[in-house]
Asker: 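The following block contains the structure, expressed as structure tokens.
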Amino acid sequence: MQRKSFGNMQCPIARSLERVGEWWSILILRDAFYGLTRFDEFQKSLDIAPNMLTRRLNALVQEGLLERHLYCEKPPRYEYRLTQRGHDFRPVLLALLAWGNKHFAPEGASVVLLDASTGANVDPVLVDGATGKRISENEHVIGAGPAAAEPILRRIAGAAARSMP
């Protein structure tokens, strides 16, 4: 059975999931942020089948999140490095880290975000880049962008109608 593609949907969440929605991809990106670059490093860290790792690395390269760099010619071996698009995924990983620690770590946090200069724990939050104000459900809503087509407009209008008292 062929998997549905979200790549041409107008929703930015669906388009993003098309690129990184498979859990191996997100874990590979996590490990790339930890500094892993080589196939054998990813395989050892993730305990993933080589054919699956090859497919996921190729997909992340194709989507522009990783770049492949030859480090050995015979046999050909590559390193995988984050691109700017890949680096821009970091806030998503940090949000998943905070959400996971809050809801799925009854034994306590095993990984935390730290201030590099003080070593203090940091709670990653989403803020408005213009005002620095923390994004909240009560004060911020999803709206239609200038390129929104009819399905997006209907979805947003329906959500607004449901939230009315």
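Only this structure's heavy atoms are used, side chains among them; waters, hydrogens and symmetry mates stay out.
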Asker: Could you give me the CA-CA distance, side-chain angles and deciding distance for Leu46 and Ile28, then say whether side-chain contact (heavy atoms from CB on, under 4.5 Å) is met?
Answerer: CA-CA 8 Å; Leu46 298 170; Ile28 290 167; 3.6 Å; yes
Asker: His140: which residues meet the ring pair (Phe, Tyr, Trp, His ring centres under 6.0 Å) condition with it, sequence neighbours left out?
Answerer: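 His140: no ring pair (Phe, Tyr, Trp, His ring centres under 6.0 Å) contacts found.
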Asker: What pair of heavy atoms forms the shortest contact from Phe42 to Leu36, and how long is it?
Answerer: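 Heavy atoms of Phe42 and Leu36 come nearest at CZ-O, 3.4 Å.
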Asker: Shortest non-hydrogen contact from Leu153 to Ala144?
Answerer: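 Closest approach of Leu153 to Ala144: CD2-CB, 3.4 Å.
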Asker: Working to the nearest 0.5 Å, report the span between CG of Asp88 and OG1 of Thr83.
Answerer: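 Answer for the CG-OG1 pair, Asp88 versus Thr83, is 8.0 Å.
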Asker: Search all heavy atoms of Ser110 against all heavy atoms of Asn101 and return the closest pair with its distance.
Answerer: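 Scanning both residues completely, I find the closest heavy atoms to be N-OD1, 4.2 Å.
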Asker: Applying the 4.5 Å side-chain criterion to the ILVMFWY set and letting contacts propagate, would Ile152 and Val141 be lumped into a single cluster?
Answerer: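 Shared cluster, no.
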Asker: Is Leu60 reachable from Trp23 through a run of I, L, V, M, F, W or Y residues, each pair having side-chain heavy atoms under 4.5 Å apart?
Answerer: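 Trp23 and Leu60: one cluster.
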Asker: Answer yes or no: does atom CG of Leu70 have more than 12 heavy-atom neighbours from other residues, nucleotides or ligands under 6.0 Å?
Answerer: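 Buried by this count: over 12 neighbours within 6.0 Å.
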Asker: For residues 51-61, which residue pairs pass the side chain to side chain donor-acceptor pair (under 3.5 Å) check, not counting sequence neighbours?
Answerer: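 Matches after skipping sequence neighbours: Ser25-Arg56, Asn58-Arg68.
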Asker: Might you work through the side-chain contact (heavy atoms from CB on, under 4.5 Å) test for Leu29 and Leu82, ending with a clear yes or no?
Answerer: CA-CA 8 Å; Leu29 290 170; Leu82 290 162; 3.9 Å; yes
Asker: Grab the two heavy atoms, one from Ser45 and one from Asp31, that are nearest each other, plus how far apart they are.
Answerer: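 That closest heavy-atom pairing would be OG-OD2, 2.6 Å.
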Asker: Apply the test side-chain contact (heavy atoms from CB on, under 4.5 Å) to residues Tyr34 and Val111: give CA-CA distance (whole Å), side-chain angles for both, the deciding distance (0.1 Å), then the verdict.
Answerer: CA-CA 12 Å; Tyr34 284 155; Val111 177; 3.7 Å; yes
Asker: So which atom in Leu114 and which in Val122 form the shortest heavy-atom distance, rounded to 0.1 Å?
Answerer: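 Looking at all heavy atoms of both residues, the closest pair is C-CG2, 3.8 Å.
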Asker: Would you call Lys133 and Glu139 a salt bridge, using N to O less than 4.0 angstrom?
Answerer: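 A salt bridge is present here (some side-chain N lies under 4.0 Å from a carboxylate O).
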Asker: Dump the intermediate steps for side-chain contact (heavy atoms from CB on, under 4.5 Å) on Phe39 and Gln43, then the final yes or no.
Answerer: CA-CA 6 Å; Phe39 187 95; Gln43 188 176 22; 3.7 Å; yes
Asker: Side chains of Glu67 and Tyr80, heavy atoms from C-beta outward: is any pair under 4.5 Å?
Answerer: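 No, their side chains stay 4.5 Å or more apart.
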Asker: If hydrophobic clusters are built by linking Ile, Leu, Val, Met, Phe, Trp and Tyr wherever their side-chain heavy atoms come under 4.5 Å apart, do Leu96 and Val127 end up in the same one?
Answerer: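 No, Leu96 does not connect to Val127 through the hydrophobic network.
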Asker: Group every Ile, Leu, Val, Met, Phe, Trp and Tyr by side-chain heavy-atom contacts under 4.5 Å, then state whether Phe33 and Leu113 land in the same group.
Answerer: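 Different clusters: Phe33 never reaches Leu113 through Ile, Leu, Val, Met, Phe, Trp or Tyr contacts under 4.5 Å.
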Asker: Nearest 0.5 angstrom please: Leu94 CG to Asp123 CG, how far?
Answerer: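 Separation between the atoms: 11.0 Å.
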Asker: Could you tell me if Arg38 sits above the aromatic ring of Tyr71, with its cationic atom closer than 6.0 Å to the ring centre and no more than 45 degrees from the axis?
Answerer: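 Geometry flag: set, cation within 6.0 Å and 45°.
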Asker: Looking only at side-chain N and O atoms, does Ser117 offer a donor or acceptor that is under 3.5 Å from a partner on Asp115?
Answerer: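 Yes, side-chain donor-acceptor contact under 3.5 Å.
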Asker: Any heavy-atom pair between the side chains of His69 and Tyr78 that's under 4.5 Å?
Answerer: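 Heavy-atom side-chain distance check fails, nothing below 4.5 Å.
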